[in-house]
Amino acid sequence: RRRTMPCAPSCTPTVLANRAGAFSCAARLGWLQSTRGGGLTEHAACTTVAGEFPVECGDCAPLSLVAQPHAASRVVPPAAPPPSPPWHLLKLPRPSPPPPPLPP
């Protein structure tokens with residue numbers, strides 16, 4: 001069965017053409033949707049391929065997975081560094097005096 005609609009807007013022809021091992025993302029999606037490949041729905045095939053090949057085919061993850069990722073797969077961003085204190089409160093070292101002039 002030939003796919004006619006992408007899994008998600010980000011699942012572009014370029015992404016579908018990406019090589020994921022020996023086969024393209026599109027070929028893997030098509031195989032999983034075929035009778036011999038398991039007859040998966042488009043959503044299930046996209047979920048499977050995007051999960052198995054996140055770098056190559058990850059943009060084909062269905063929007064429902066992108067919008068609400070599983071709690072275990074969420075990446076927690078690092079905490080923001082503390083704000084800098086106001087400049088007038090910083091104890092900056094005094095600049096060193098200039099070197100003496102060189103003799104002529």
Side-chain angles (χ1 to χ4, degrees):
R1 172 174 119 172
R2 186 165 180 89
R3 294 184 66 255
T4 56
M5 294 183 64
C7 304
S10 58
C11 190
T12 63
T14 302
V15 175
L16 291 169
N18 285 345
R19 300 296 287 186
F23 302 97
S24 69
C25 297
R28 291 185 177 281
L29 291 169
W31 168 253
L32 290 174
Q33 292 179 63
S34 73
T35 304
R36 290 182 60 203
L40 298 182
T41 64
E42 180 176 320
H43 186 275
C46 292
T47 300
T48 300
V49 173
E52 290 178 359
F53 299 93
V55 172
E56 301 88 345
C57 308
D59 285 340
C60 288
L63 290 177
S64 60
L65 294 179
V66 174
Q68 298 175 348
H70 187 271
S73 66
R74 288 190 187 136
V75 176
V76 178
S84 298
W87 284 105
H88 68 280
L89 296 178
L90 290 176
K91 294 184 178 164
L92 300 175
R94 291 186 161 259
S96 54
L102 296 174

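Note on Val15 and Trp31: separate hydrophobic clusters, where clusters join Ile, Leu, Val, Met, Phe, Trp and Tyr whose side-chain heavy atoms are under 4.5 Å apart, directly or indirectly.
No option in Pro9, Pro54, Ser10, Cys11 other than Ser10 meets the side chain to side chain contact (heavy atoms under 4.5 Å, CB included) test with Asp59.
The structure places CG of Leu29 at 6.5 Å from SG of Cys57, a figure rounded to the nearest 0.5 Å. Remark: Cys25 SG to Asn18 CG distance equals 5.0 Å, nearest 0.5 Å.
Taking every heavy atom of both residues into account, Gly21 and Phe53 meet most closely at N-CE2, 4.4 Å. Of all non-hydrogen atoms in Glu56 and Arg19, the two that sit nearest each other are CG-O, 3.2 Å.
Cys60 has its SG atom at least 2.5 Å from the SG atom of Cys46.
The closest side-chain heavy-atom distance from Arg28 to Leu32 is not below 4.5 Å. Gln33 is listed as a side-chain neighbour of Glu42, based on a closest heavy-atom distance under 4.5 Å.
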